[in-house]
Every structure is written in structure tokens, then in C-alpha cells.
Amino acid sequence: MHSSEGALTRGVAHDKNRVMDRSDTKLETLPGVDATGACDKAASRLREILHHLQHGEVPINVIQKSLQYAASVLETATTSESKQLVDEDDLSEVQPDAVPDEVRDWLATTFTRHATAQRRRGDDKPRFRSVANAIRAGIMVDKIYRRICTPAVMQIPNNITKHLKNMDNWSFDVFSVNQVSSGQILRYVTTDLLNRYGLISKFKIPVTVLENFLIHVESGYGKYKNPYHNNIHAADVTQTVHYMLCQAGLANWLTDVEVFATLFAAVIHDYEHTGTTNNFHVMSGSEMALLYNDRAVLENHHLSAAFRLLKDENLNVLQNLSKEEYRDFRGLVVEMVLGTDMSSHFHHLKTIKTLITHKELNIDKAKSMALVLHCCDISHPSKEWRLHFPWTKLLMEEFFQQGDKERELGLPFSPLCDRNTTLVAESQIGFINFIVSPSMEILGDLLDKIQLTIAQINRPAEGSSSEENGDKTECNSRIKSTKDVNYASLDTANGPGFEYKANPSSNSASSSATLGLGNGKKIQRPWVLCLEHNKAFWQERAKKDAEIKALEDGQRSSSKEHQDETSHFSFSSSEKQ
């Protein structure tokens, strides 16, 4: 009796092992971790293993594979869920008395969403299985392209070239360059950068086509004669993006198509800007708001109008891209420019925070580059005072012009648009404290993590052949300037009462080695000191403004009391008569 029961038990266990063996082969057919039924499949798989553990042993390889699959599904689900958390009031931590009501209203209406449905993003692009092979293949193709076709480059006058040599500096003076370039700064900055990165020859962009395209883009930026959102702002953002690509080492993380798309997105990100906000278009019921259904009105127009230019073969700088390259190029440009919609600001920061906190080094390129462009777009408070202050005056004038239009249309003033009541210093303090500083901090953390990713990719090449290392060096050299650039990180600021302490080694060539070129080191953050300086000056300015306002209020009060006394005296005299 006992022997038969033992045989029966062994037979059942043997059958279960065969079931688990068959189940092991099914692991190869499990859906992808981001597939619709992945969570249910992972749960079912874990319950099945639990059931078998209660009745016998389970092969260790089956447990390992199943747990690994379940963990990957959970991580993917967590990331996906975090992307949907966009309805939270991100200004809830701002104390009511931290900023004036008008500044708080401006922060809320500009940088948060109001019952806006989420846009669905496409799946991430497939990555190369072998980064080393991809690099070698890319270098080989690049060499072939350079030998076959080396088109002439649009000539840049020497007096402009002299200024463009400083484009690797954080606080690059766009105003001076615009002056010497007769108002064509965007044309020359873009041409110089495309040439530096070898993109003109790489993608065989005809010089005349590039020149025609940039003339049209620059003209589009001047369509509404905006004080702030014009070709100078576009050039400033493009140069700041270049700083991130070159000095922060992002170009080592991107393909040539992605570098091209990143610069293109910066160039056209405010194309044909109307000088008014998205909220103005919605409230006034403009044709543009009707066309884009009140969602990212301006950003959609910038993209649509810019890509419409490319329909003309005489303007199509992308004419020699393959279909696959064009699809990747357009996808990244669209993601980046839509990411400059200020109402998606806090959602953007949440998404990147989630990416940074994950231990794995796989980072979504499109979302990361969208944050880079967004931060560059709002970066002027993080530049030196000699640049930040003029930008602030231009931006406020554009706001005030919108306020004038709102008054004419009988619309309520948008925050900071009433030229008679707006507190400029207070608005900039709030902008720095709650928008720019947190954004630049997260951007710095993202860049640090990307450096770790680049270092991990480069690590296997350390023990490779000299030929392979030589190719790698050539690949890295594509982000370096062909100019003799001064790498001074910070100059003396012009703000009253404040002065930077210059870094004695900032002018040396060795200082660029710490700027994150794929060595895994943390990048420098020149914006931190600039933000502190500018905030301190605005605080001094706000204090003086408050004193002047108190004095004016006191004078008005005294004048009113005097008028009341005079009126009372006149009334008493008439009674006596």
C-alpha cells in the first residue's frame, strides 16, 4: 500500500516537472513587457509557480526567468502610470504669502494644465542591439559620404565669425552678434552649428537650399515684430541647445539624425510666433485656436508652418534623408517643440524625475531632449545679468502689448499683462524660484545620468583594438568646435552691487575636460551661480520698489486727507455765511 502511494507521488511529481519544463519553453512566447496583456500574463505566471511550489519543486531557471519577466513588467507599468499623473496641482506647495497673488496666478495659468486630456505618445524607437557595431557602421558611412560629397559651405563674414567663436560659452552674447550680423543672427548661428557638427555634408544639404530655408525662417520670426519671441530668441535658444550638446556631452549620446533634429527643433520652435500666449488665443477665439482645438495652439502652429516650408523643394533641407531617417527626425522634432508648451511644464518635470530615479540607465531620448529644449527656452534668468535683464525688459513689453490688446477686446488682463500694476521684480523672483531653478536642477541631474549611460557604453571599448579606439575618438570629435574657442565659463556680471569670482582655470583648455564628454563625471552647472546672482538683484529691486510704492501711497494718503480738510473747511465757511 505504501509503496504504491510512493510510486503514485513520484509519478505526479514527474508529471508536474514535465509541465514546468513545457512551461519553461512558453517563456519564450510571453508578450512584451509593455504589451497590453503583460500584467495579466505575469500575474498568471506567478500564480502558476506558487501552485507548483505548494505541491513540489520547480526548476530554478523557470523561477528566475519568471521573476525577471514579472519585475520588468512592473517597472514598465510603474513608468507608464507615473506618466499619467498630470492632474495634481503642482503649485500646491507654494505658500499663499510666498509671492503676490498676480504672480501666483501667472504661474498657475501658464505652467499648469486645466482639464486637458493627455496626448498619447508613440512607442519608443527600437535601439541598436550593438552600440559598438552601430558606431563603427556610422563612422564608415560618414567617411564615405565625406569622400563622395563635400558641398561648399555658406560663407560667413569675418566680423561675424569672430563673435561666433564664443558660442561654446554659457552666456553667449546674442545681442552683439545680432548687431554685427544686421539682424540675421539666426541664419549665421544655424549655418555655423550645422557645419560644426558635420551635418551639412553628412546629409548632403545643398547650400542654396539651406540659405533659402533660413531666410524664410528668419522672415517668419519677424512676421509679427515681437519684442521677445523673434529671431534673436530663436538664436539664443539654439546656441543654448548647442551648449548642452557640446559642453554637456549630449551629442555623444545621440545619433547624427537626432543631433540634426535637436538643432532643427531649436531653430523653428517659435516660428511665426504671434507675440501672444496660448491663453490669449483661446480666450479671444482666434482662428489658430479653432484650428488646433485650444491645445498647444502656438506649438502646433510652429511645427505645422515650419514643416510646410519643406514642401518646397527649394527649401527642403531634409530632401536627402531616407524615409526612416525622416520619420525619426520628424518624430523627435514634434516631441521637442510640443514640449515647449508651458502648460505641460510640471508634467514634463514629473516624467523626467521618474526616469532619473530608475536604477537602469535606459533613458527615453525623446522625452529627455524635450526637457532640454524646454529648459533652454526658459533659460535667460540663468544667464549672466547683462543678458538676463535685457531679455526681461523685452518679455515684459511683449506681455504689456498683449494686455493692451486684451483691453481693446474687452477681455480681462492676463497675469503680468497690465502695464500699470505688474510687479516686474516680484514676477522674476517667482519665475526663478518656482520654474527655472527647479527645472535646471532636474536638467543637471538628467545630464549627469546620461553621462553615466555614455560611460557605460564606452567602457567595453577600453580593451579593444587601437583601430576601434581611434574610431571612437573620431566619433566623439564630431561634437567639438572647429573654431578656436574660449572656454571661459563665467564672465564678470554687470548687475549693480554684485560680482562673480572668476575661476582662474576657466580659460585653460583643460577646463573643458570636466564638461561631461562621456567620461561619467558630473557636468558643470554654470547656471547655478547666475540664478543666485540674478535672484539677489531682483530681491534688491523688489525691496526698492516696495519702498517707492509705500512712499507714493503715503503721499496719496496725505493728499487725500488735505483735500478732505479743505472740503470740510469750505463747507463750514459756507454754513457760517
Side-chain angles (χ1 to χ4, degrees), residues 125-126 128 134-156 164 167 186-218 234-235 238-239 241-242 244-246 250-269 271 303 306-337 365-366 369 372-373 471 474-483:
K125 295 180 292 184
F128 285 116
I135 292 172
R136 284 194 291 269
I139 293 171
M140 185 179 297
V141 173
D142 184 62
K143 288 179 179 178
I144 294 173
Y145 266 101
R146 290 177 185 274
R147 289 173 183 173
I148 293 177
C149 180
T150 307
V153 178
M154 185 171 65
Q155 294 299 315
I156 300 177
L164 295 180
M167 271 207 292
L186 183 59
R187 171 187 175 187
Y188 291 117
V189 164
T190 304
T191 301
D192 187 68
L193 290 178
L194 292 177
N195 184 41
R196 288 192 189 198
Y197 288 92
L199 299 173
I200 296 176
S201 60
K202 171 71 179 179
F203 298 107
K204 298 192 290 186
I205 306 173
V207 175
T208 54
V209 171
L210 175 61
E211 189 170 1
N212 291 338
F213 173 75
L214 292 177
I215 289 173
H216 276 74
V217 170
E218 201 132 35
T238 302
Q239 182 275 330
V241 166
H242 157 67
M244 298 301 173
L245 288 172
C246 180
L250 279 178
N252 282 329
W253 184 55
L254 304 173
T255 65
D256 285 329
V257 171
E258 290 165 344
V259 171
F260 189 11
T262 297
L263 291 172
F264 184 91
V267 170
I268 62 100
H269 83 280
Y271 177 64
L303 286 164
F307 274 97
R308 194 175 293 115
L309 288 178
L310 303 179
K311 291 294 183 180
D312 185 340
E313 63 179 7
N314 295 317
L315 306 176
N316 187 8
V317 294
L318 309 180
Q319 59 187 250
N320 289 314
L321 268 64
S322 67
K323 290 183 178 180
E324 183 178 355
E325 287 173 334
Y326 177 81
R327 184 175 64 248
D328 292 344
F329 180 99
R330 176 170 163 79
L332 182 55
V333 171
V334 169
E335 184 85 17
M336 290 179 66
V337 175
K365 282 186 177 179
M369 296 312 298
V372 169
L373 180 59
D471 287 344
E474 182 176 340
C475 179
N476 286 340
S477 68
R478 72 184 174 90
I479 73 166
K480 296 179 181 177
S481 169
T482 58
K483 313 292 183 184

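Positions are given from 1, in the same order as the sequence printed here.
Between F329 and F260, the ring-plane angle classifies as perpendicular under the 30° and 60° cut-offs.
With rounding to the nearest 0.5 Å, the separation of CG in L193 from CD1 in I200 is 10.0 Å. Note: L263 CG to L245 CG = 5.5 Å, rounded to the nearest 0.5 Å. Here the OG1 atom belonging to T262 is positioned 12.5 Å from the CE atom belonging to M244, to the nearest 0.5 angstrom. Here the straight-line distance linking atom CG of L164 with atom CZ of R196 works out to 7.0 Å at 0.5 Å rounding. Note that CD of Q239 is 11.5 Å distant from OG1 of T190, once rounded to the nearest 0.5 Å. With values rounded to the nearest 0.5 angstrom, D192 atom CG is found 4.5 Å from I156 atom CD1.
Between L194 and F203, every side-chain heavy-atom pair lies at or beyond the 4.5 Å cut-off. Between L214 and L186 there is no side-chain heavy-atom pair separated by less than 4.5 Å. M369 is not listed as a side-chain neighbour of E258, based on a closest heavy-atom distance of 4.5 Å or more.
The only option from V334, V333, L332 that meets the side chain to side chain contact (heavy atoms under 4.5 Å, CB included) definition with R330 turns out to be V334. Partner of I205 under the side chain to side chain contact (heavy atoms under 4.5 Å, CB included) criterion, out of N320, L318, V317, L321: V317 alone.
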- request: Kindly determine whether F264 and V267 satisfy side-chain contact (heavy atoms from CB on, under 4.5 Å), including the steps that lead there.
  value: CA-CA 5 Å; F264 184 91; V267 170; 5.7 Å; no
Derivation of the side-chain contact (heavy atoms from CB on, under 4.5 Å) call for H242 and T238: CA-CA 6 Å; H242 157 67; T238 302; 5.9 Å; no
task: Would you check, one step at a time, whether the test side-chain contact (heavy atoms from CB on, under 4.5 Å) holds for Q319 with K204?
output: CA-CA 9 Å; Q319 59 187 250; K204 298 192 290 186; over 6 Å; no
Verdict with supporting geometry, Y188 and T191, side-chain contact (heavy atoms from CB on, under 4.5 Å): CA-CA 5 Å; Y188 291 117; T191 301; 5.7 Å; no
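A donor-acceptor contact shorter than 3.5 Å links the side chain of E218 to the backbone of R187. A donor-acceptor pair is defined here as one N or O able to donate and one able to accept, closer than 3.5 Å; no such pair exists between the side chain of K202 and the backbone of Y197.
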